[in-house]
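Beneath this line is the structure, given in structure tokens, with notes to follow.
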Amino acid sequence: MEEELKCPVCGSLFREPIILPCSHNVCLPCARTIAVQTPDGEQHLPPPLLHSRGSGLPAGAAAAAAAAAAPPPDHETPAGPACGGGGSGSAAGGDHADKLSLFSETDSGYGSYTPSLKSPNGVRVLPTVPAPPGSSAAAARGAACCSLPSASSSSITCPQCHRSASLDHRGLRGFRRNRLLEAIVQRHQQGRGAAHGASTAAAVAVCQLCDRTPPEPAATLCEQCDVLYCAACQLKCHPSRGPFAKHRLVSPPPPPRAPAEAASASPGAAQGAPSAGGSCKSPGATGAGAAGGGAARKYATCPDHEMENYSMYCVSCRAPVCYLCLEEGRHGKHEVKPLGTMWKQHKAQLSQALNGVSDKAKEAKEFLVQLKNILQQIQENGLDHEACLVAQCDALVDALTRQKAKLLTKITKERENKLKMVWDQISHCTLKLRQSTGLMEYCLEVIKENDPSGFLQISDALIKRVQVSQEQWVKGALEPKVSAEFELTLDSGPLLQAIHQLDFIQMKLPPVPLLQLEKCCTRNNSVTLAWRTPPFTHSTVDGYILELDDGDGGQFREVYVGKETLCTIDGLHFNSTYNARVKAFNSSGVGPYSKTVVLQTSDVAWFTFDPNSGHRDIILSNDNQTATCSSYDDRVVLGTAAFSKGVHYWELHVDRYDNHPDPAFGVARASVGKDMMLGKDDKAWAMYVDSNRSWFMHCSSHTNRTEGGVCKGATVGVLLDLNEHTLTFFINGQQQGPTAFSHVDGVFMPALSLNRNVQVTLHTGLEVPTNLGRPKLPGN
């Protein structure tokens with residue numbers, strides 16, 4: 001809370017705070033330092049216009065009040081002190097009112113000034129512009145009760161919102177004193193002093209930075225740092241220069257007194273002293289310092305009528321007023337309410353607003369706890385990932401070391417093989433060379449002999465031996481069998497590239513999809529499901545798998561695999577409960593299932609004739625609910641619904657019946673023939689009827705002739721019971737003959753065949769009749 005109790009100009013706790021027109025607070029001494037003279041364009045505006053900009057009154061009321069107090073335009077009044085009750089000055093014509101729209105941004109007393117980078121606290125300090133001689137502004141500069149250059153040409157800029165407000169003849173005293181804030185500041189100071197006294201065991205406050213034991217007594221207290229310093233530590237740790245130059249050093253708080261001692265203290269001792277920096281006393285200043293003590297605090301008084309307390313509240317001006325203000329007519333056309341009533345009302349509004357802030361603060365605390373948990377998880381996950389990375393890199397190094405050993409073994413084997421082959425070739429060549437050399441030497445010795453007969457006895461054998469020895473040195477015998485080069489090239493380029501590209505990839509499974517229940521719905525025997533990926537997830541999702549059970553609580557089966565997040569499944573059973581779930585997948589695998597959603601299909605079927613499945617001669621109208629034909633031959637049209645389970649009932653109303661045709665009603669497979677009467681093939685089960693009688697027909701077999709036909713206005717009902725696997729027909733609410741067909745099993749679609757002499761209208765979504773018996777099948 002202490003930040004709320006500090007002045008935005010000096011940074012210290014508020015001293016004599018005043019309320020600016022923008023509802024911000026500032027110390028009265030600080031307000032004197034930031035109040036500046038207005039630019040040239042606004043310096044000589046008439047007092048009524050300045051009043052409307054600076055006072056808390058509306059522009060019209062202030063202008064009227066000032067105009068009443070001003071002298072006539074042709075009468076000059078000598079300048080009086082600026083603290084007088086009525087401000088004086090030369091009247092202005094319409095030109096000044098027109099200039100107001102040029103020089104003033106609004107008439108509400110606010111101006112948006114861009115803060116200067118060179119001025120303290122973002123407040124623009126304007127140069128002093130001298131007022132024209134002889135004006136009331138020049139005369140007012142000598143007034144003792146105002147420390148401003150000119151009350152009628154001065155303004156103050158809020159250091160927080162940077163809005164400017166002009167001052168009226170009262171100067172800064174025209175702003176209301178914030179007695180409530182002043183009392184809260186004093187209570188806070190007393191509580192802080194008690195806390196400092198309780199925290200120090202000694203009766204005298206001691207320095208909080210001393211290295212000595214015991215610490216030296218404190219000489220000063222910095223209000224910004226909230227630290228007690230002795231004289232040595234203050235010079236050493238908190239010099240009055242640099243960033244500490246603007247800090248406010250005060251005397252240390254006195255030690256806490258005993259309750260009896262505090263009760264015996266004089267109430268007058270806590271009264272406020274004259275404000276620093278000004279000679280005028282603030283109305284109602286006495287007693288303000290006693291707030292929070294034993295003496296009762298004096299209520300604030302009206303700044304215009306110092307002896308009157310506030311008794312009413314002006315809703316239009318949003319300010320408390322006294323009864324004299326009302327008698328003077330300043331708020332004659334304004335809405336005025338009792339001060340106590342508005343006090344309770346605003347307290348209630350503030351309490352209600354605080355409840356909302358309290359809820360948000362609670363959420364913020366929970367959010368901070370969540371963030372701290374995230375910090376801890378980040379630390380833990382970071383350590384886990386570091387350990388995992390080190391283990392993975394060590395595994396890569398180990399694998400590379402093992403592969404290195406294998407490659408070195410290959411090189412060693414290759415070298416040994418080459419060496420063996422070379423040594424073998426050396427040994428073989430050396431042996432042959434030795435044999436050849438010996439033969440050569442022997443032959444030379446033989447040639448030296450002069451015995452012809454002896455020579456001829458061995459010459460043939462020697463010649464053959466020499467020839468054989470020569471043949472042993474065939475082509476290639478004197479060439480090395482192996483090369484000195486190793487044909488082993490290690491292709492490490494892809495591996496080096498892979499190492500350089502080694503980076504973290506998404507290896508996490510996809511998150512659990514969130515079902516969007518507001519978009520999930522059923523219609524007839526189809527269901528639509530929608531889902532989405534949870535927010536703030538970084539896992540990639542390649543697609544989704546939607547699973548649905550069989551409607552009887554059986555096993556789930558996949559009904560959709562893809563990237564879409566919206567899917568509609570048709571052809572389900574009516575009046576059935578289905579369970580659905582979805583999961584996501586990516587390259588790492590399949591993620592967990594979502595929550596299971598339960599979907600209930602429609603109890604009864606709503607459908608129409610299908611224009612895509614009917615014969616081209618079929619004519620549909622009335623939103624595909626009415627059918628007729630353009631041909632004299634019977635043509636078939638099917639319904640849009642397909643049934644494989646449950647009990648279903650629908651009716652067909654005969655709108656037109658001419659020349660005794662034979663329309664046929666029933667069910668059929670999707671592949672039934674469309675160019676002949678229904679029931680003539682094995683893919684349809686029907687009842688065809690004329691004006692007098694009816695027959696059941698399947699595979700062109702006519703059975704169960706029954707009296708009673710149809711005419712215009714008749715209604716034919718079809719009851720398909722797939723639980724009992726039967727098909728029954730009704731005419732005008734009465735069952736027509738026995739049960740038409742039994743052992744009906746599979747998938748069926750409503751069907752109808754008719755020609756141009758008949759027109760019927762389909763009625764669906766009907767309840768199944770329960771008051772009809774089920775007669776047994778006839779013997780024939």
Side-chain angles (χ1 to χ4, degrees), residues 1-17 25-34 117-123 125 147 159-160 181-262 264-266 268-278 288-293:
M1 182 184 70
E2 188 167 348
E3 293 299 324
E4 297 286 336
L5 306 181
K6 290 184 178 180
C7 174
V9 177
C10 63
S12 304
L13 297 177
F14 280 108
R15 295 171 295 166
E16 300 181 75
N25 298 279
V26 68
C27 296
L28 181 59
C30 297
R32 293 191 178 96
T33 62
I34 64 174
L117 297 177
K118 297 182 180 180
S119 58
N121 301 302
V123 179
V125 180
S147 60
Q160 290 183 275
L181 177 58
E182 198 170 358
I184 295 174
V185 168
Q186 185 171 5
R187 287 202 303 268
H188 177 72
Q189 287 177 326
Q190 292 176 354
R192 189 173 65 175
H196 279 294
S199 61
T200 56
V204 180
V206 296
C207 178
Q208 295 176 298
L209 296 179
C210 269
D211 296 333
R212 304 177 184 85
T213 304
E216 294 290 331
T220 56
L221 168 67
C222 178
E223 288 190 344
Q224 283 71 34
C225 302
D226 198 14
V227 176
L228 293 167
Y229 298 95
C230 64
C233 291
Q234 189 265 323
L235 294 175
K236 177 181 177 182
C237 304
H238 198 289
S240 300
R241 62 180 181 276
F244 298 110
K246 295 183 180 180
H247 287 205
R248 186 165 177 260
L249 300 176
V250 298
S251 299
R257 295 181 296 175
E261 183 181 355
S264 62
S266 174
Q271 293 181 353
S275 58

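Just so you know, these numbers use all the heavy atoms, side chains as well, and skip hydrogens, waters and symmetry mates.
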Working for side chain to side chain contact (heavy atoms under 4.5 Å, CB included), residues Ser240 and Gln234: CA-CA 9 Å; Ser240 300; Gln234 189 265 323; 3.8 Å; yes
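- Residue pairs satisfying the salt bridge (Lys or Arg N to Asp or Glu O under 4.0 Å) criterion with at least one member in residues 234-244, sequence neighbours excluded, are absent.
- In this structure, Lys6 NZ and Glu3 CD are separated by 4.5 Å, a value rounded to the nearest 0.5 Å.
- Between Ile34 and Pro159 the shortest side-chain heavy-atom distance falls below 4.5 Å.
- Applying the side-chain hydrogen bond (donor to acceptor under 3.5 Å, both in side chains) rule to Arg248 yields the partners Glu223; only residues at least two apart in sequence or on another chain are considered.
- Residue pairs meeting the side-chain hydrogen bond (donor to acceptor under 3.5 Å, both in side chains) criterion with at least one partner in residues 209-219, sequence neighbours excluded, are absent.
- Leu181 is linked by a side-chain contact (heavy atoms from CB on, under 4.5 Å) to Leu5, Phe14, Pro17, Asn25, Asn178, Val185, counting only residues two or more places apart in sequence or in another chain.
- The shortest side-chain heavy-atom distance between Cys233 and Gln208 does not fall under the 4.5 Å cut-off.
- Cys222 is listed as a side-chain neighbour of Leu249, based on a closest heavy-atom distance under 4.5 Å.
- Scored by the ring-ring contact (aromatic ring centres under 6.0 Å, His included) test, Tyr229 finds His238 as partners (sequence neighbours excluded).
- With contacts defined as side-chain heavy-atom distances shorter than 4.5 Å, the pair Leu221/Asp226 qualifies.
- By the side-chain hydrogen bond (donor to acceptor under 3.5 Å, both in side chains) test, Gln224 is found to be paired with Ser12, residues two or more places apart in sequence or in another chain being considered.
- The shortest non-hydrogen separation linking Ala231 to Ala219 is N-CB, 3.9 Å.
- One finds the CG atom of Leu228 at 9.0 Å from the CG atom of Leu209 (value rounded to the nearest 0.5 Å).
- Nearest heavy-atom pair, Leu13 versus Cys27, reported as atom, atom and distance to 0.1 Å: O-SG, 4.2 Å.
- Annotation for Cys207 and Cys230: closest pair SG-N, 3.3 Å, computed over non-hydrogen atoms.
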